[in-house]
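Worksheet: the structure to be examined is printed underneath.
Just so you know, these numbers come straight off a predicted model, no measurement behind them.
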Amino acid sequence: LNERFRANPDGLLAGIAVLACALLFGWHAWTLPSGPAWSTVGPGVAPRMVTALLGALGLVMMAQALLRSQPAPSRDPLDRPAFGWLIAGIVLEVALIGSAGFVLASTILFACAARAFGSRRPVRDAAIGLALAATASAVFDRVLGYPIGDGLIEQFLFLPLGPLAAGPLGPLAR
Amino acid sequence: MEALGPLALFAEALGPLALFAEALGPLARGFALALTPEALAWSLAGVTVGTLVGVLPGIGPALTIALLLPLTYQVDAAYAFTLFAGIYYGAMYGGSTTAILLNAPGETASLVTAIEGHAMARRGRAGAALMTAALGSFVAGTLGTIALTFLAAPVVTLALAFGPAEYFALMVLAFVTVSATLTASASKGLVSLAFGVLLGMVGIDLQTGQPRFTFGVPQLLGGIDVVIVAVGLFAVGETFHLAATGARASEGTVTAPGRLRMTAAEWQRSWKAWLRGACIGFPLGAIPAGGSELPTFLSYWTERKLSRHRAEFGNGAIEGVAGPEAANNAATAGVLVPLLALGLPTSATAAIMLSAFQSYGIQPGPTLLAAQPGLVWGLIASLYIANVLLLALNLPLVGLWVRLLAIPRPLLQAGILTFATLGTWGIGRSVVDLGLLFGIGFVGFLMRRFGFPLAPVIIGMILGPLAEQEFRRAMTLGHGDLAFFLERPLALALFAIAAVALAGPAVWRTLRAG
């Protein structure tokens, strides 16, 4: 068994992850109350059925991984630096979007993501990211009527235009 | 007695004369709606965006329609669905262009096209490959839409006899076929499905007011928006995957499309493949088999068996492009039959379209055709129009689409992330939503890496709560006794088919091995 696991740890790891997920959701599902008397099927019934299925599937996958010798899937090695740049961009985006606003946070994410995919021109990337984020969010805010918020850049960019009662889509709006 | 009812109704509706009269009148009214300048403009926008996302690697119709769901709060339902229909069809056309010229299928439905299509391009016949793909898509897409036109009403007639028990059984069958029957691993497909169903349950249970799976986060009480899950899995997850595997700059050289012309022999070899592809694609799309990969593979296999030029397969046989391209477009039309007539989505894109219906307060299903005839027939008419627009636009503009492929990978992927963030932030300016987006994206990355299919997550998320609702209705009718399901022959038959679909492939493999 040990050799099989070493040859192909994926199946067992995936099975364990699925089982852990089933236990987490299942623990919650089994604590749900049975619901008011008039409801024939309470709120916990379906969650229990689904988490039980998930748990069974996790066990099946673990058994399959241990009992059946499967060839290890050919998988590309993880490109750690690229992955790191992407994670950094995402963390900065989530951390900054509330205070700095969508446009600025997304410009940073754009530059980090471009770096993750091998670009070596951060200034150009940031400029393109800024233009894209500003244009797209202006369309969302002004045309579609989705307030993007009053971030640092938004304040100067399109909020001064004032509220548009009905955007260019006005005649088509419901 | 009750089991005979639907069959008798079905036979009556199948009378060809009744069918023509029943379908053509409303279809004409649908065209009257779909041919207005506004509707045409939305259709044009849809096919253009659809072709664009079909051409660009890593973005598909499900993701695009999910990102455009906010439009449903602004735009009339008829126009929104005209736009979505254009995107759905357009993506199928666009995917073939990259498959042929770059050997990089934009969509999974174009995987097979790349085999013969790119081989043709290397032999200098790229123009002919593009042309047979576009014409085949048009022919099969139109045939599929015609079949949809005439099938929708009879299927609705059949479905009106369904009670909650039958509906629940039908949904279970769809769950099994989309997740277990046609995927590499039944257990992995079912895990994806169960994960999706659990995501769909997050929030307040509408029947009892009980919060479920919110884990103490108040922002989750309203449930998770399907936009976040679709964009997380398909855009963020894909970006993680590409970054992790070190996908760099563009993946090869684009072959010049050359002159768009087919020789007489190529015409001769193409048209039968188109028709066969349409005949394979539509039924496989219409039964809840999910996805358009299977029809393309089946069509390719058929063409290779039937061709008198079998030696050319692998080196650019035109039938190998014509058949699968026709099959995937016909399957796209087929998927709309269960969606519009039964409210049953069998692909990720169809599931997103169902949630678009829901955001208009419309529940697709047998009553949709009666309640919203203008919307349904306008949508079907817009499919015919989208096909014509795509044929008129795609071939002349192929040079433009090719130039899109010159966008460097870093900028393309960073741009996709920007739109993913904007689409999520725009829903409610919530950092919790954004965290969910990237969290689900990371789960999507792990799922891809470990070989779990993604489409069942979306289907489970949309269809799961509906299945629970039907289950509860059936149990209430049966006074809480599971035996209620056993007393309904139609429901039992559907459960039996589901059991066969679940166990069948494994049993077959064992028999063949032993």
Side-chain angles (χ1 to χ4, degrees), chain A residues 10 14 18 21 25 28 32-33 35-36 39-43 46-47 50-51 53-54 57-58 60-61 64 73 75-76 78-79 82-83 85-86 90 93-94 97-98 102 106 109-111 113-119 125 128-129 132-133 136-137 140 144-149 169 172-174, chain B residues 38 70-71 73-76 79 187-188 190-191 194-195 197-198 201 205 207-208 210 212-213 215 236 239-240 242-249 408-415 417-419 421-422 425-427 429 431 434-435 438 446 449-452 464 467-468 471-472 475-476 479-480:
Chain A
D10 276 19
V18 169
C21 191
F25 279 89
H28 178 86
L32 284 170
S39 75
T40 320
V41 179
V50 178
T51 49
L53 172 73
L54 199 61
L57 288 167
V60 166
M61 289 178 65
Q64 277 177 343
R75 214 151 26 73
D76 306 292
L78 196 72
D79 185 337
F83 213 64
W85 275 105
L86 197 55
I90 286 170
E93 163 94 49
V94 175
I97 198 164
F102 171 81
S106 295
L109 173 62
F110 190 98
R115 179 72 171 78
F117 282 90
S119 171
D125 294 342
I128 294 174
L132 182 71
S137 60
F140 248 64
L144 300 182
Y146 268 77
I148 289 305
L169 284 177
L172 307 173
R174 277 196 279 175
Chain B
E38 289 98 334
L71 269 180
Y73 299 104
Q74 296 281 325
V75 177
D76 189 74
Y79 295 139
S187 44
K188 284 181 177 172
L190 286 171
V191 167
F195 177 57
V197 174
L198 289 176
M201 282 176 181
D205 172 32
Q207 203 183 59
T208 59
Q210 169 70 39
R212 301 191 292 189
F213 300 125
F215 299 102
V236 180
T239 306
F240 272 127
L242 291 171
T245 50
R248 291 289 173 268
R409 175 66 87 172
L411 300 183
L412 176 66
Q413 225 52 49
L417 270 190
T418 305
F419 276 103
T421 317
L422 179 62
W425 183 248
I427 300 171
R429 276 187 290 159
V431 179
L434 219 51
F438 293 119
L446 290 178
R449 207 164 164 80
F450 286 89
F452 291 88
E468 185 187 17
F471 178 72
R472 282 171 151 173
M475 290 297 277
T476 308
H479 305 289

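Scanning both residues, B:Thr239 and A:Leu86, for their nearest heavy atoms gives O-CD2, 3.9 Å. Taking each heavy atom of A:His28 and B:Phe215 in turn, the nearest pair found is CB-CE2, 4.2 Å. Closest non-hydrogen pair, A:Ala114 versus B:Ala414, comes out as N-CB, 4.0 Å. Considering all non-hydrogen atoms of both residues, A:Ser137 and A:Ile148 come closest at O-CG1, 3.6 Å. A:Leu53 and B:Ala194 make their closest contact through CD2-CB, 4.4 Å (heavy atoms, listed as atom of the first residue, atom of the second, distance).
To the nearest 0.5 Å, atom CZ of residue A:Phe117 and atom CD of residue B:Gln413 are 4.0 Å apart. The line from CG of B:Leu198 to CZ of B:Phe195 is 8.0 Å long, rounded to the nearest 0.5 Å.
Contacts of B:Phe438 with chain A are made by side-chain atoms alone, with heavy-atom separations under 4.5 Å and no backbone atom involved. With a 4.5 Å cut-off on non-hydrogen atoms, B:Gln207 touches chain A through its backbone and its side chain both. The contact between B:Met475 and chain A is made by backbone and side chain atoms together, counting heavy-atom distances below 4.5 Å. Both the backbone and the side chain of B:Arg472 come within contact range of chain A, each with at least one heavy atom under 4.5 Å from a heavy atom of that chain. Contacts of A:Val18 with chain B are made by side-chain atoms alone, with heavy-atom separations under 4.5 Å and no backbone atom involved. Contacts between B:Val197 and chain A at a heavy-atom distance below 4.5 Å involve the side chain alone, from C-beta outward. With a 4.5 Å cut-off on non-hydrogen atoms, A:Leu32 touches chain B through its side chain but not through its backbone. Looking at B:Leu446, there are no atoms closer than 4.5 Å to chain A (heavy atoms on both sides), in backbone or side chain.
For chain B, the option among A:Val94, A:Leu132, A:Ile90 with the highest count of heavy-atom pairs below 4.5 Å is A:Ile90. Of the listed residues A:Pro33, A:Cys21, A:Ala14, the one with more heavy-atom pairs under 4.5 angstrom with chain B than any other is A:Pro33. Taking A:Asp125, A:Ile97, A:Thr51 one by one and counting their heavy-atom pairs under 4.5 Å with chain B, the maximum is reached by A:Ile97. Counting heavy-atom pairs closer than 4.5 Å to chain A, the top-ranked of the candidates B:Gln210, B:Met201, B:Arg429, B:Glu468 is B:Arg429. Here B:Ser187 is the residue among B:Gly480, B:Gly464, B:Ser187, B:Ala467 with the most heavy-atom pairs under 4.5 Å with chain A. With chain A as the partner, the residue from B:Leu434, B:Val236, B:Leu422 showing the most heavy-atom pairs under 4.5 Å is B:Leu422. Between chain B and the options A:Gly129, A:Ser106, A:Ala46, A:Ser119, heavy-atom pairs under 4.5 Å are most frequent for A:Ala46.
For B:Phe452, the ring-ring contact (aromatic ring centres under 6.0 Å, His included) criterion is met by no residue, not counting sequence neighbours. A search for ring-ring contact (aromatic ring centres under 6.0 Å, His included) contacts involving A:Phe83 returns B:Phe240, B:Phe445, not counting sequence neighbours.
Formation of a donor-acceptor pair under 3.5 Å by the B:Arg212 side chain with backbone atoms of A:Pro47 is not found in this model.
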